[in-house]
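First comes the structure, then the notes that go with it.
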Amino acid sequence: MKLLDKKLADKINDMISEIVTTCNKILSTDTKVEANNTSFNSKDDACNRLKLVLMHDRSQLSPGQMQQMRDELVEVISRYVEIDRDALDLCLEAESNTIALVANIPILRHK
Amino acid sequence: MNEVLSTKNGASASFSTEEILIDLSSIGSFENILFELTNIIEQSNLRGKNVKINFGDLSLTQNMVSSLQSVLKGFDISIKMIFSSSIETKIAAMEVGLTVSGEKPEIKQQTAASDSIIETQKDEDKLVDAMNNVLAGSHEIVKENTLFIKQNLRSGQKLEHDGNIVIIGDCKAGSEIIATGDITIWGILGGIAHAGSKGDYKAKIRAFRINAIQLRIADLLARKPDAIEMEKMDKHNLFTPEEAKITNGEIVIYTEY
Amino acid sequence: MSGRVIVVTSGKGGVGKTTSTANIGTALAKNGAKVVMIDTDIGLRNLDLLMGLENRIVYTLIDVIEEKCKLQQALVKDKKNPNLALLAAAQTRDKSAASPEQMVEICKQLKEDFDFVMVDCPAGIEQGFQNAIAGATEAIIITTPEMSAVRDADRIIGLLESKEDILNYKLVLNRVRPKMIQSNDMLGVTDVTDILSVKLLGVIPEDENIIISTNRGEPIVNMENTKAGTAYMNIARRIMGEEIEIPDFETPPPTFIDKVKNFFLATASS
């Protein structure tokens with residue numbers, strides 16, 4: 001009995017979504033707005049940009065300082081191992097309330 | 001405790017927790033003022049501070065005041081207020097946008113004179129006394145000393161003068177004019193005007209249009225009604241000169257003489 | 001009696017600090033508390049205008065500090081509510097006219113007589129800000145769902161956290177447009193609270209009546225049935241300890257089609 005109900009519900013659901021899409025096709029202005037929203041989501045942009053800028057603000061490291069730290073790290077590590085300088089990735093990551101400095105350093109070969 | 005730094009020529013700088021006053025009233029010329037100022041700056045750490053300067057009765061031109069201002073700016077010092085008894089200096093300072101006072105400066109001054117403006121508003125005994133004083137002429141103030149200014153006064157600007165003030169221009173909301181004598185404005189009065197500030201009940205305030213937030217004469221106070229008078233707001237082009245004075249213990253605005 | 005000293009701050013200008021101070025203050029007083037509001041924006045005061053009290057100011061905060069008048073003389077009573085008073089900022093001076101120590105002293109005196117001392121903070125993080133937060137033990141941070149405002153709020157939170165006297169601070173999200181949030185074109189309420197990791201005190205929807213209330217010099221909480229007014233009233237009641245749920249601005253209201261769907265589903269499963 002329950003199974004039948006679920007099937008029925010699904011059918012109704014499908015039917016309604018079909019009606020909605022047809023309606024949207026007819027009311028072409030409506031679809032335009034929807035398309036705009038799905039292709040360009042300015043809220044997520046804002047969220048991501050904000051998170052990044054706040055991480056830098058909170059760590060009180062300027063982009064210049066980050067670059068300097070990166071250069072110095074490369075110098076120190078290069079004394080021990082040969083690394084791929086261009087592929088070195090250094091960034092700040094936030095987890096809940098703490099900020100971590102994450103470095104990804106591909107080693108080419110041991111010296 | 002105030003700390004005082006004096007130079008041998010009689011210039012001094014007093015430091016209190018709230019303010020710094022540089023007293024140059026005994027210095028006779030502009031050149032010496034520059035010299036003394038640099039002396040004081042060298043001997044004390046005024047960088048990034050706001051200072052008040054007393055020029056005494058020395059006459060300074062607008063050029064002199066603005067060059068002083070830029071010299072001080074070079075040391076990262078800004079002028080907060082200027083005290084002067086010279087009308088030329090006052091006008092010059094006003095024109096470069098400085099706050100000017102005619103009173104003798106005192107660090108942390110306490111004035112008891114205008115202690116309770118609002119309370120005395122309804123204090124009939126005091127009013128009767130005051131009116132009697134007016135009749136007896138005991139609060140007579142010398143009225144020859146008139147400060148004449150040709151510019152608009154904007155929000156945040158304050159003009160104080162011992163005598164009458166005449167302004168050719170508007171006084172915008174947020175500005176303040178305080179005179180011991182009369183205040184006459186060839187324009188619209190929108191800020192606060194205080195005439196007869198040392199207790200002259202016969203002082204008057206005149207303007208093309210009195211639209212002031214508050215009017216004060218001696219220790220009386222009148223304020224703009226809470227409801228906006230649309231009638232007055234609409235007629236932008238029609239001016240009827242108005243005069244405010246004390247009648248029967250109240251400040252009354254008259255539109256006809 | 002020892003009242004609570006709450007500073008209203010934001011970092012960025014124009015996000016609604018003064019409007020919020022006026023309305024939260026008035027709302028607290030409407031709920032029976034004794035409230036005094038201090039405008040610490042010396043040189044650029046506006047709280048008096050929003051309260052419609054600009055023509056009653058004789059003495060200012062600076063006159064009190066310079067001992068030109070007594071504290072009681074400088075307090076301007078509200079037109080409607082005798083429980084509400086304003087201590088205005090001086091217009092013809094600048095921020096350096098007051099010091100944090102002096103503000104602490106004034107707040108200390110005021111909280112003897114009032115349940116709430118609401119301090120309206122100037123924009124920025126310089127001396128004016130330091131003065132405003134000096135005497136406070138609680139803070140309300142105002143921000144809007146815009147990147148610049150959120151970033152500045154984060155800076156303010158950092159500064160407040162480093163100050164031991166501030167025991168608790170909460171966020172008010174102002175000028176929220178539910179429709180833009182629902183279409184994912186505006187930072188949502190949870191987005192902002194997550195990014196700032198701060199507790200939410202209330203959400204104020206964008207409301208044109210705010211402009212009307214400012215024009216009239218009458219806080220919006222005194223107007224009947226406005227969205228923003230209700231939100232401010234709820235904030236005041238939350239401050240006074242009541243538990244009032246913050247309405248959900250994020251999920252869109254059910255559309256007609258949703259309703260039809262739900263109806264069918266409900267009948268099908270019964």
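By convention in this document, chain letters (A, B, ...) are assigned in the order of the sequence lines, proteins followed by strands, and residues within each chain are numbered from 1. All values derive from a computational prediction rather than experimental measurement.
Residues A:R58 and C:D154 have side chains in contact (heavy-atom distance under 4.5 Å, counting atoms from C-beta outward).
Atom CG of residue A:D44 and atom CG of residue C:D191 lie 8.0 Å apart, to the nearest 0.5 angstrom. Distance check: C:I195 CD1 to A:N48 CG gives 8.5 Å after rounding to the nearest 0.5 Å. Atom-to-atom distance recorded for A:L50:CG and C:E146:CD is 11.0 Å, nearest 0.5 angstrom. Within the model, atoms CG of C:L187 and NZ of A:K43 stand 7.5 Å from one another, a figure rounded to the nearest 0.5 Å.
Heavy atoms of other residues, nucleotides or ligands lying less than 6.0 angstrom from NZ of C:K163 number more than 12. Shown here is C:R177, whose CZ atom has no more than 12 heavy atoms of other residues, nucleotides or ligands within 6.0 Å. Summarising the local packing, CZ of C:R155 is surrounded by 12 or fewer heavy atoms from other residues, nucleotides or ligands at distances under 6.0 Å.
In this structure, C:M147 and A:R49 approach most closely via the heavy-atom pair CE-CB, 3.8 Å.
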